[in-house]
Amino acid sequence: MLWALAGIAGLALAAVGVWWTLAHTGALRALGAALSLIAPGAVLALYASFGMLGPALLSLGLWLLALTAARTALAPGHTAASRHAFAEAPHTPWVLMNPRSGGGKVDRFDLVEKARAAGCRVALLDAGRHQDVTELARQAVAEQPLHGPGKTQHRDRQEKSAL
């Protein structure tokens, strides 16, 4: 238990030293730099004098390994899907609106008309019946027109002809 407290105290002193180094100038910055180097060194020397250097270094190595693994896992753009998945921008965007959500803002701000004026296809949820929004989205993707030379058919028609 005392070994853990000594390690925590050394870590706290090193953190204070780093803070003083970054936040201050002059003598306090120099003292902070010295403290951030001396505190961990003193803890390692204490551990070494009592035969605990091996476990302390193993713990430090595992901590560095965990830090490296976390940085690698959280780095952007390192997924297999991101290297191969490129999607074309939609030519006719599709918007799903719930008139009951947002305190009636869909009607109050004429969002349906504004979306249609911007070139979007709009689907409104009906308050009187249950609608599967996942199925509405799939249907919108299937009805997305293909653009380009000779690609005026809808995706659903092209998929049916491929079967």
| task | Grab the two heavy atoms, one from A39 and one from A14, that are nearest each other, plus how far apart they are. | result |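 Reported closest heavy-atom pair: CB-N, 3.9 Å.
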
| task | List the atom of Y47, the atom of A56, and the distance in Å for their closest heavy-atom pair. | result |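 Heavy atoms only, the tightest pair is CD1-CB, 3.1 Å.
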
| field | L125 and V133: CA distance, side-chain angles, deciding distance, side chain to side chain contact (heavy atoms under 4.5 Å, CB included) verdict | value | CA-CA 8 Å; L125 291 179; V133 293; 3.9 Å; yes

Heavy-atom distance under 4.5 Å between the side chains of [X] and [Y], does that happen here?
X    : Y    : result
L11  : V43  : no
V106 : N98  : no
K105 : R108 : yes

Donor-acceptor contact below 3.5 Å, side chain [X] vs main chain [Y]:
X    : Y    : answer
R121 : W94  : no
T21  : A33  : yes
S59  : P55  : no
Q131 : D126 : yes

Supply the atom-to-atom distance [X] [atom1] to [Y] [atom2], rounded to the nearest 0.5 angstrom.
X    : Y    : atom1 : atom2 : result
W63  : T68  : CH2   : OG1   : 9.0 Å
L96  : S101 : CG    : OG    : 10.0 Å
S36  : W20  : OG    : CH2   : 11.0 Å
L65  : L60  : CG    : CG    : 11.5 Å
R116 : L111 : CZ    : CG    : 12.0 Å

| query | Can you list the steps and then say if L31 with L28 is a side chain to side chain contact (heavy atoms under 4.5 Å, CB included)? | reply | CA-CA 5 Å; L31 179 64; L28 200 52; 4.2 Å; yes

hydrophobic_cluster_shared for [Y] and [X], side chain cutoff 4.5 Å:
X   : Y    : value
I8  : L46  : no
L53 : F50  : no
M97 : F109 : yes
L35 : V18  : no

| query | Does the side chain of Q139 pick up a donor-acceptor pair with the side chain of E143 at under 3.5 Å? | reply |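 Q139 vs E143: donor-acceptor pair found between side chains.
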
